2 protein chains.
Amino acid sequence: MTLKHLQHDIPDIVIGRLPIYLRALQHLAQEGKELTNSDELGKHLGISSAQIRKDLSLFGGFGKQGAGYRIQYLQNKLYEVLNLQKEWEIALIGAGDLGRAVAHYKGFKERGFKISCIFDNDPHKVNQNIDGIPIQPMENVATAIPQYAIKIAMIAVPATVAQEVADLLVAVGIRAILNYAPINLETPDGVFVQYIDPVTHLQRMTYYL
Amino acid sequence: MTLKHLQHDIPDIVIGRLPIYLRALQHLAQEGKELTNSDELGKHLGISSAQIRKDLSLFGGFGKQGAGYRIQYLQNKLYEVLNLQKEWEIALIGAGDLGRAVAHYKGFKERGFKISCIFDNDPHKVNQNIDGIPIQPMENVATAIPQYAIKIAMIAVPATVAQEVADLLVAVGIRAILNYAPINLETPDGVFVQYIDPVTHLQRMTYYL
DNA sequence: TAGATTGTTAATCGATTAACAATC
DNA sequence: TAGATTGTTAATCGATTAACAATC
């Protein structure tokens, strides 16, 4: 059973669920389980079992009728689908409060993403380091990012300059941006942006309170 | 034109977009604009103008034909819809690396959310403080949260204990949880959970790289 | 009034679910 | 084999878009 790589058939909303499945599988693996099924996964995630089976079947048959899914095997397949088999290097832009917090977060390294360079335009911060990673001046972006072929960046600068920074990053070859600034970014086709704005999540819940 | 409060007619996916609209409006207001329209907003956000008009019209008529939307007025109405007219108090659970980072983030206060108490089970951390907010022992959760009628909590503890913490929070009256631990939480009906897991966003983008 | 943009309806599109044959 | 659960199809459900009458 080979991976179907008719990638353009796969809705983005399905891709968005795969990391969630992966997280649930990790959890089950830590409990010492080797086998699971769409029903168990669904209960865990509050998603219907039919949806899980349908999502997974888009990439080929990862399960066995009558048995379910081997956790380890399914994890490996999802890593493969999501291109997570190698560690990705990330550039972090901004070394203020927010950037420092992002840089200190251990979850990136633990789950396959390594912050390999940090940039800031404040001369006082340049040549300091965060957990051993030196803070470089913004001028270095144009050389360092292509040099190490870094494709992913995180933006942790004030909202007022986030678009400008994004434009620069796109110009030097960045293809995926995780934006912590509370502002929408415009990027050309083929450059992907995801947003981390905890306040919008809170505002979504207060509606119901 | 009064607010329609047939709240159960409103799809959650629409509620989820309102904070994004609010963010765009704030941006336009800062540029000194007083008036906007569904087309301008849509271009800003990469959303169709029809969708914006439809979403907003679910709550009553906020615009004027031929003119568009008055930014200030629309902001106020959205604040009203989302219950953002008063500052909300939040409890933060966990004062490790992640909890500290969350506590330091200035965006909450700036946008109407105040972290008013912090809890941790590490005796070494208790009685220290973060930006002037004392770290209390976990035993205090049961008294402090009802005392101040806090309805929103943020979880920044290790994934292994996050469910346990969530159960406790629900038991003492918390109705909305922003969960930073990379694990799905199960909560009873009427308790809302949102997730902040930057790694899942990165994993979603690597698919396309 | 003429021009512009909303609010709303109807049509389209896409995602979820139910059900079951296939098969381990 | 009998039992269980997948993979997949068809039906349902819900969300988005197109279009335009209403109206500022």
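No experiment lies behind these values; they were computed from the predicted model shown.
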Whole-Å distance between [N] [atom2] and [X] [atom1]?
X	N	atom1	atom2	value
B:D55	C:dT8	CG	P	13 Å
A:K64	C:dA22	NZ	C1'	14 Å
A:K54	D:dA11	NZ	C1'	12 Å
B:D9	D:dC13	CG	C1'	16 Å
B:L56	C:dT8	CG	P	12 Å
B:I10	D:dA15	CD1	P	11 Å
B:L58	C:dG7	CG	C1'	11 Å
B:I15	D:dG14	CD1	P	16 Å

| said: Using a strict heavy-atom distance below 4.0 Å, which residues from residues 22-51 of chain B are in contact with DNA chain C? | reply: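 Per residue number, the list reads B:N37, B:S38.
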| query | Taking only side-chain nitrogens and oxygens of A:R70, does any of them come within less than 4.0 Å of OP1 or OP2 of C:dC24? | reply |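 No, no such contact exists.
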| Side-chain N or O of B:Y69 less than 4.0 angstrom from OP1 or OP2 on C:dG7? |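 Affirmative; the distance criterion is met.
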Test item: [X] side-chain N/O and [Y] main-chain N/O as donor-acceptor pair under 3.5 Å:
X	Y	value
A:D120	A:A95	yes
A:T206	B:L82	yes
A:W88	A:N83	yes
B:R175	B:V191	no

What nucleotide, of [options], holds the atom closest to the side chain of [X]?
X	options	result
A:S57	D:dT8, C:dC24, D:dA19	D:dT8
B:Q65	D:dT6, D:dA22, D:dT17	D:dA22
A:R53	D:dG7, D:dC24, C:dT8	D:dG7
B:I13	C:dG7, D:dT16, D:dT6	D:dT16

With no hydrogens and no angle check, do the side chains of [X] and [Y] hold a donor and an acceptor under 3.5 Å apart?
X	Y	result
A:N76	A:E80	no
A:D12	B:Y207	no
B:Q51	B:D55	no

| query | How would DNA chain D look in dot-bracket form, 5' to 3', counting Watson-Crick and G-U wobble pairs with both distances under 3.5 Å and writing | for bases paired to another strand? | reply | ..||||||||||||||||||||||
| field | Within residues 102-118 of chain A or reaching into it, pairs that qualify as salt bridge (charged side-chain N to carboxylate O under 4.0 Å, His left out) - sequence neighbours excluded | value |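 Every salt bridge (charged side-chain N to carboxylate O under 4.0 Å, His left out) pair that includes a residue of residues 102-118 of chain A, provided the two are not neighbours, is A:E87-A:K109, A:K106-B:D97, A:R111-B:D197.
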| said: Which label fits B:Y105 and B:F108: parallel for a plane angle under 30°, tilted from 30 to 60°, or perpendicular past 60°? | reply: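 Perpendicular: the ring planes of B:Y105 and B:F108 meet at over 60°.
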